[in-house]
Amino acid sequence: MSRFWSQLVHQLTPYVPGEQPKIADLIKLNTNESPYGPSPRVLDAIREATSDDLRLYPDPQCLALKQALAEYSGLQTDHVFVGNGSDEVLALAFQAFFRQQPQPLLFPDITYSFYPVYCQLYEVDYQQPPLDAELNLNLEDYQQPNGGIIFPNPNAPTGKALPLEAIRQLLTKNPDSVVLVDEAYVDFGTESAAPLVKEFPNLLVTQTFSKSWALAGLRVGFALGSPELIEGLTRVKDSFNSYPLDRLALAGAQAALEDLDYYQQLSQKIIDSRTWLSEQLEKLGFKVPESKANFVFARTPEAVDAGQLASSLREKALLVRHFKKPKIDQYLRITLGTPEQNKKLIAVLKETLSL
Ligand SMILES: *Cc1c(COP(=O)(O)O)cnc(C)c1O
């Protein structure tokens with residue numbers, strides 16, 4: 001607390017990301033990063049961009065990257081917006097579309113916990129229709145008057161995905177609201193809503209280079225939407241920071257889009273690990289709903305407290321994520337690691353649970 005802070009800053013409860021501790025031989029399965037490195041072409045491109053040109057500002061419009069993303073998504077350049085991680089794109093979207101609405105923004109009670117933080121920061125009123133007992137999102141809950149809708153598909157931290165047809169129906173029923181589909185995990189087996197962008201001017205899709213593209217450290221995210229939504233985001237961005245993406249990030253993200261084969265293989269490896277780990281966890285008595293993400297959300301066996309289990313694993317240099325939240329406090333969110341890391345996790349779990 002400080003007398004120098006504004007009223008609003010006093011009231012904020014900032015988002016707390018998963019920890020990044022400096023522990024030797026740590027197995028880090030807590031922040032949904034890729035266990036594999038980015039394409040070698042990305043590293044080459046960044047090395048090449050590391051030159052005297054760094055004295056120059058980057059392209060404020062990020063045109064080359066937007067063109068590459070338009071081609072990748074089957075859309076035009078004016079359907080694309082890029083930002084410093086998709087968290088920044090989301091923050092700009094909250095400002096551009098969800099502020100000063102007569103009705104509350106809607107998002108699920110169990111979802112990405114950054115959304116309520118942006119609501120506080122931008123003073124957005126919100127309601128959270130609850131997920132059902134199986135942690136499914138019920139789209140009927142989103143047919144009430146609203147000032148916008150946002151949810152991840154697949155949802156975080158449940159990993160459950162909605163089919164494209166359900167998203168189409170939601171858009172049809174909410175023609176006057178911006179519907180933001182946060183596709184941070186879309187590349188691990190969910191159909192993207194991007195093709196609907198040409199049909200629905202109220203749809204905004206966000207994606208990130210942090211997960212499937214193995215570039216969380218580079219900070220690149222993007223949005224796909226109608227030209228009017230993209231222009232709204234650009235107006236806010238240009239009133240805030242002209243250059244959110246630096247030269248190295250632009251070079252790296254562009255190079256990633258030129259090596260799609262590499263990334264398809266990477267995502268397939270994660271999907272294969274997901275099948276393996278889910279089966280192994282179920283053998284140990286965990287309940288593991290089908291995940292479409294690069295993590296599994298596993299309910300601990302009866303009589304095993306999830307919070308305590310997370311602490312025990314941490315003592316053995318294995319980090320997973322536990323949320324102290326009603327409804328999900330007996331679940332662990334476990335990021336898929338390499339096959340060796342996943343095996344190690346199962347071995348340590350067997351030992352910890354004395355199985
Ligand atoms: C990881 C994640 C993001 C943010 O990704 P960055 O691009 O790294 O900022 C956004 N939404 C969801 C649901 C995520 O899990």
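Counting convention: from 1, in listed order, for ligands and their atoms alike.
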With the criterion set at N/O pairs under 3.5 Å, what does the list of contacts between the protein and ligand 1 look like, atom names and distances included?
unit_1: ligand 1; atom_1: 5 (O); unit_2: S86; atom_2: OG; d: 3.2
unit_1: ligand 1; atom_1: 7 (O); unit_2: S86; atom_2: N; d: 2.6
unit_1: ligand 1; atom_1: 7 (O); unit_2: S86; atom_2: OG; d: 3.0
unit_1: ligand 1; atom_1: 7 (O); unit_2: T208; atom_2: OG1; d: 2.5
unit_1: ligand 1; atom_1: 7 (O); unit_2: S210; atom_2: OG; d: 3.4
unit_1: ligand 1; atom_1: 8 (O); unit_2: S210; atom_2: OG; d: 2.6
unit_1: ligand 1; atom_1: 8 (O); unit_2: R219; atom_2: NH1; d: 2.8
unit_1: ligand 1; atom_1: 8 (O); unit_2: R219; atom_2: NH2; d: 3.4
unit_1: ligand 1; atom_1: 9 (O); unit_2: S86; atom_2: N; d: 3.3
unit_1: ligand 1; atom_1: 9 (O); unit_2: D87; atom_2: N; d: 2.9
unit_1: ligand 1; atom_1: 9 (O); unit_2: D87; atom_2: OD2; d: 3.2
unit_1: ligand 1; atom_1: 9 (O); unit_2: R219; atom_2: NH2; d: 2.8
unit_1: ligand 1; atom_1: 11 (N); unit_2: D182; atom_2: OD1; d: 3.3
unit_1: ligand 1; atom_1: 11 (N); unit_2: D182; atom_2: OD2; d: 2.7
unit_1: ligand 1; atom_1: 15 (O); unit_2: Y185; atom_2: OH; d: 2.5
unit_1: ligand 1; atom_1: 15 (O); unit_2: K211; atom_2: NZ; d: 2.9

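- More than 12 heavy atoms of other residues, nucleotides or ligands shown are found within 6.0 angstrom of CD on Q144.
- Judged by the 6.0 Å distance and 45° axis criteria, K269 is positioned over the aromatic ring of Y36.
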Under 3.5 Å, which donor-acceptor pairs link side chains of residues 111-120 to any protein atom two or more places apart or in another chain?
unit_1: T111; atom_1: OG1; unit_2: N155; atom_2: OD1; d: 3.0
unit_1: Y112; atom_1: OH; unit_2: D87; atom_2: OD1; d: 2.7
unit_1: Y112; atom_1: OH; unit_2: D87; atom_2: OD2; d: 3.3
unit_1: Y115; atom_1: OH; unit_2: D182; atom_2: OD2; d: 2.7
unit_1: Y118; atom_1: OH; unit_2: D87; atom_2: O; d: 2.8
unit_1: Q120; atom_1: OE1; unit_2: T13; atom_2: N; d: 2.8
unit_1: Q120; atom_1: NE2; unit_2: Q11; atom_2: O; d: 3.2

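- For R99, the side-chain hydrogen bond (donor to acceptor under 3.5 Å, both in side chains) partners two or more places apart in sequence, or in a different chain, are Q95.
- Partner of F107 under the ring-ring contact (aromatic ring centres under 6.0 Å, His included) criterion, out of F151, F98, Y126: Y126 alone.
- Residues passing the side-chain hydrogen bond (donor to acceptor under 3.5 Å, both in side chains) test with Q61, sequence neighbours excluded: none.
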